[in-house]
Amino acid sequence: MGGARGPPQHATGRGQMLSGVLTGAPVWVWPLLGVLLIIGLRAMRNRVSRVWPFTLMPLLAILAVNAVAGLRPSPELWALFAASYGAGAFIGWRFQPRWITGRDDSRVALKGEPLTLVMLLSIFLANFAAGAVTAMAPHLASSPGFQAGFTLIAGLASGLFLGRSLAILNATRSGLPKRQ
């Protein structure tokens, strides 16, 4: 009577679902995740960077707009995206200056910070989750709560990139700090 039993049925189902999500993702997703991790981890160190890449960061909004458009959004959802994008830009504009330690005409010195990693992973995970939910539970993907949550994350994260870029471009050109 007291023989060994296998895992509970619900645990096996969750494992199969997770396996399906991970193996069903397009192959290009995993190298992209690796690149985003490298970029985010590098941002955690003090560094001197060229300014021009920061002019491209707001282009992430194109990906966010495309992802939100894929939800077949209502005007209210677009309004939520615009509001969250604006809020993200404002927050990025306010926070980024604390990480700028110097700037000249073509380079900027930045303190290490974890926000870049968090933002990149948030955008990646939100898009990954949206794709997985759309494929596995389209009724959930079309629910107002899911769409609002996704739109809020996409708008905030891409808006943060805009605000941070604008703060870097607007930074006083006081020169770069001396190496210590």
Q.
I'd like to know if L41 and L121 are part of one continuous hydrophobic network [Ile/Leu/Val/Met/Phe/Trp/Tyr, side-chain heavy atoms within less than 4.5 Å].
A. yes
Here the pair of heavy atoms bringing S174 nearest to G102 is OG-CA, 4.3 Å
Interatomic distance, CG@L110 vs CD@Q96, rounded to 0.5 Å, equals 6.0 Å
message = Count I, L, V, M, F, W, Y as connected when their side-chain heavy atoms are under 4.5 Å apart, and connections chain through other members. Are L125 and V118 then in the same cluster?
response = no
All heavy atoms of A61 vs all of S158, minimum pair found to be CA-CB, 4.0 Å
(request) I would like to know whether N127 and F150 meet side-chain contact (heavy atoms from CB on, under 4.5 Å); could you show each step before the answer? (result) CA-CA 8 Å; N127 281 293; F150 175 80; 3.5 Å; yes
CG (L162) and CD1 (I91) are apart, to the nearest 0.5 Å, by 12.5 Å
**Prompt:** Are any side-chain N or O atoms of R103 and backbone N or O atoms of L169, one a donor and one an acceptor, separated by less than 3.5 Å?
**Reply:** yes
**Item:** Donor-acceptor pair, side chain of S49 and main chain of V108, under 3.5 angstrom
**Value:** no
Applying side chain to side chain contact (heavy atoms under 4.5 Å, CB included) to T151 and not counting sequence neighbours gives V68, L71, L77, L80, F81
* side-chain contact (heavy atoms from CB on, under 4.5 Å) between L115 and W99: does it pass, once the steps are laid out? -> CA-CA 11 Å; L115 185 59; W99 296 310; 3.7 Å; yes
Taken in chain and number order and not counting sequence neighbours, the residues that satisfy side-chain hydrogen bond (donor to acceptor under 3.5 Å, both in side chains) with D104 are R107
Minimal heavy-atom distance between L176 and A109, with the atoms involved, is CD2-N, 3.8 Å
Using a cut-off of 6.0 Å, state whether more than 12 heavy atoms not belonging to R47 lie near its atom CZ. yes
*Can you tell me if CZ on F146 sees more than 12 non-hydrogen neighbours from other groups inside 6.0 Å?*
yes
Taken to the nearest 0.5 Å, the spacing of T55 OG1 from R50 CZ works out to 13.0 Å
Exercise for review: Report yes if some heavy atom in the side chain of F161 is under 4.5 Å from a heavy atom in the side chain of P58; otherwise report no.
Suggested key: no
Checklist entry - Side-chain heavy atoms under 4.5 angstrom apart, residues restricted to Ile, Leu, Val, Met, Phe, Trp, Tyr: same cluster for W52 and L59? => result yes
Worksheet item: Same hydrophobic cluster for W28 and F128, using side-chain heavy-atom links shorter than 4.5 Å among ILVMFWY?
Response: yes
Does atom CZ of R94 have more than 12 heavy-atom neighbours, drawn from other residues, nucleotides or ligands, at distances under 6.0 Å? no
Is there a side-chain contact (heavy atoms from CB on, under 4.5 Å) between L63 and L60 once you walk through the steps?
CA-CA 5 Å; L63 299 174; L60 288 172; 3.9 Å; yes
In terms of heavy-atom contacts, L36 and L117 come closest through O-CD1, 4.5 Å
Heavy-atom nearest pair, P73 first then W78, reads CG-NE1, 3.1 Å
- Message: Could you check whether any side-chain N or O of T134 sits under 3.5 Å from a backbone N or O of G131, counting only pairs where one atom can act as donor and the other as acceptor?
- Response: no
_Please tell me whether M57 and V35 are part of a single hydrophobic cluster in this structure, the criterion being side-chain heavy atoms less than 4.5 Å apart._
yes
Between the CG atom in L37 and the CG atom in L120, the distance rounded to the nearest 0.5 Å is 9.0 Å
Value for CZ (F95) from CZ (R164), rounded to nearest 0.5 Å, stands at 10.5 Å
d(I123 CD1, I153 CD1) to nearest 0.5 Å is 10.5 Å
Closest non-hydrogen contact found for M136 with P138 is C-CD, 3.7 Å
